[in-house]
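Below is one structure, written out as structure tokens, with a few remarks after it.
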Amino acid sequence: MATSTFNQRLLAWFDQHGRTNLPWQSNPTPYRVWISEVMLQQTQVNTVIPYYQRFIERFTDIATLATASLDEVLYYWAGLGYYARARHLYQAAQQVFHQYNGELPTDLKQLMQLPGIGRSTAGAILALAHQQRHPILDGNVKRVLCRYYALAGHPSEKVVASTLWRLAEESMPTKRIAAYTQAIMDLGATICIRRHPHCLLCPFQSDCLAHQQRQEDIYPSPPLRKPLPVKTTTFIMLQNEKSGEVLLEKRPPQGIWGGLWSFPECALPTDIPHWCQQYLQLVIYQYHPWQLVRHTFTHFHLDIIPVQVSLSAEQCKLVVFSNGFWYNAVQAPVYGLAVPVARLLTQLTSTGELLS
DNA sequence: AAGTCGGGGTC
DNA sequence: GACCCAGACTT
């Protein structure tokens, strides 16, 4: 079917059934669209909404974000995952603040130079905030196009990806770009959903190739997946038995939970006495392993053995630990904590859980 | 082209 | 449990 009919039919559907209450849809400034697009990378709308509202309230504009601390930005991001997004966002804000006078570029290539902004996110910012005619290619658009054209192969394959970008370009209307951009995402999010799509409500039900074949569920093709490897670690939960404070250390910027605060780690619980001797110059006689916690990432399982070590106030005074601080549950600082760390801290500092 | 980077929703 | 989600970046 002609692309003009494709996008007109989609826009007509959008006017009747599109979403209009998402927080970033009101007052869609480039900054607000940018924050929402980055938060929405690999993250579902309902998860993002409360984070977006807190973030925008605290960091109202680029200048506010650029002049805050990375620790505070990570604090507002903690729990959302993919923390490189927050670091990139922060770097980009500073770059825009200093190089572009606090205004996001309105040129696609300049936008894509900024850390954390790829082609799709750049296109979304320009289309949604500036009515510029650029395609996006997120998971929703990929799904809609793969089904509409019965496009086989996984979107990560180079041929499939380039075909999808071409189709995304050809599908765009010449007017109402912002509405169209939102419309194709809304269709993917509410009708053309991953499993059991609502084809009877779809504006394309008469010409979608996948639907004609009754094979909506096989598009897009899933990638080949290997079983996830299992890694293990031991969280050393050093606690001041008098004040309840717990020693945390900052994680390196690269790697898992980059820039967040976590417990010191060692390989096995039995390593703890030696670890305490080596790094804290403390002699430890006993420690208390908790039940194993499995935390699953995209590419591996992490089996965590949390081990509680109670220290006297006198011992704590002797501890010299660079890149660390004593976490106090009552006066918790504005630093980002990895989710399992936050959970364990809650257990550790709530009454009645001193030994378990 | 493959691997790295989270946490939660959903079935 | 397994799979996926408004992807980008590194190797």
Side-chain angles (χ1 to χ4, degrees), chain A residues 19 22-25 28 32-52 74 77-89 91-92 111-125 127-128 135-144 153-162 164-165 168 181-190 192-196 217 220-231 251-260 262 293-302 336-343:
Chain A
R19 295 178 293 187
L22 302 175
W24 42 89
Q25 287 180 307
R32 290 168 56 88
V33 171
W34 175 35
I35 302 301
S36 71
E37 287 301 323
V38 173
M39 284 191 172
L40 286 162
Q41 289 167 5
Q42 296 295 287
T43 311
Q44 294 179 358
V45 168
N46 286 335
T47 303
V48 164
I49 288 175
Y51 284 90
Y52 176 82
L74 285 169
W77 205 274
L80 253 190
Y82 285 127
Y83 299 97
R85 295 184 295 175
R87 294 196 305 276
H88 290 151
L89 195 61
Q91 289 171 20
L111 265 184
M112 289 175 62
Q113 299 288 329
L114 295 170
I117 301 183
R119 183 176 173 188
S120 189
T121 297
I125 293 170
L128 293 171
I136 62 167
L137 193 59
D138 64 1
N140 289 311
V141 180
K142 289 173 186 171
R143 196 166 51 249
V144 169
H154 189 262
S156 69
E157 294 171 33
K158 197 175 177 182
V159 232
V160 182
S162 63
L164 283 169
W165 275 111
T181 303
Q182 189 63 49
I184 195 162
M185 287 192 286
D186 283 6
L187 187 79
T190 65
C192 198
I193 53 181
R194 184 168 65 88
R195 278 185 295 192
H196 312 306
D217 285 324
S221 323
L224 293 175
R225 231 182 283 286
K226 300 173 189 171
L228 299 185
V230 180
K231 302 184 184 182
R251 300 185 62 88
Q254 73 280 27
I256 214 83
W257 296 324
L260 273 63
S262 184
V293 175
R294 170 165 285 196
H295 194 78
T296 300
F297 297 95
T298 312
H299 45 304
F300 64 92
H301 299 289
L302 183 63
L337 302 172
V339 164
V341 174
R343 287 193 187 125

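By convention in this document, chain letters (A, B, ...) are assigned in the order of the sequence lines, proteins followed by strands, and residues within each chain are numbered from 1.
Closest heavy-atom contact between A:P155 and A:L164: CB-CD1, 3.9 Å. Taking all atoms of both residues into account, the shortest heavy-atom contact from A:I136 to A:A168 is O-CB, 3.8 Å. Here the closest non-hydrogen pair linking A:L137 and A:A161 is CD2-O, 4.3 Å. In terms of heavy atoms, A:W257 sits closest to A:P340 at CZ2-CG, 3.5 Å. The two residues A:A127 and A:T181 have their closest heavy-atom pair at CB-OG1, 3.4 Å.
C:dC3 atom P lies 16 Å from atom NE2 of A:H299, rounded to whole Å. As a whole-Å value, the separation of A:Y51 OH from B:dG9 C1' is 13 Å. Atoms NE2 (A:H154) and C1' (B:dA1) sit 13 Å apart, rounded to a whole Å. Rounded to a whole Å, the CG atom of A:L228 is 8 Å from the P atom of C:dC3. Here B:dC11 presents its P atom at 13 Å from CG of A:D217, a figure rounded to the nearest Å. Remark: P of B:dG7 and CH2 of A:W77 are 13 Å apart, rounded to the nearest angstrom.
Residues A:F297 and A:T47 each lie close to DNA chain B; by heavy-atom proximity, the contact nearer the 5' end of the strand is made by A:F297. With DNA chain B read from its 5' end, the first of the two nearest nucleotides for A:V159 and A:A78 is the one closest to A:V159.
Residue A:H295 places no side-chain N or O under 4.0 Å from the OP1 or OP2 atom of B:dG6. Between A:R195 and B:dG9 there is no side-chain polar atom (N or O) within less than 4.0 angstrom of OP1 or OP2. At B:dG7, one or more side-chain N or O atoms of A:W257 fall inside 4.0 Å of OP1 or OP2 (strictly under the cut-off). Regarding contacts with the backbone of C:dG1, a side-chain N or O of A:R294 is found under 4.0 angstrom from either OP1 or OP2.
The same atom, P, is picked in C:dA6 and in B:dT4; the two are 24 Å apart, to the nearest Å. Here, B:dG7 and C:dT10 have their C1' atoms 22 Å apart, quoted to the whole Å. For the P atoms, the distance linking C:dA8 with B:dG9 amounts to 24 Å, nearest Å. As rounded to the nearest Å, C:dT11 and B:dG6 have P atoms that lie 16 Å from one another.
Comparing B:dA1, B:dG6, C:dA2 by their nearest atom to the side chain of A:K158 picks out B:dA1. The side chain of A:P340 has B:dG7 as its nearest neighbour among B:dG6, B:dG7, B:dT10.
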### Query
For every nucleotide of nucleotides 5-11 of chain C, 5' to 3': is a protein heavy atom under 4.0 Å from its base (B), only from its sugar-phosphate (S), or from neither (-)?
BBBSS--
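In the model, A:T296 has a side-chain atom that pairs as donor or acceptor with a side-chain atom of A:H301 under 3.5 Å.
Between A:H295 and A:F297, the ring planes are perpendicular. Angles over 60° get that label, and only those under 30° would be called parallel.
Rounded to the nearest 0.5 angstrom, A:I184 CD1 and A:R143 CZ are separated by 11.0 Å.
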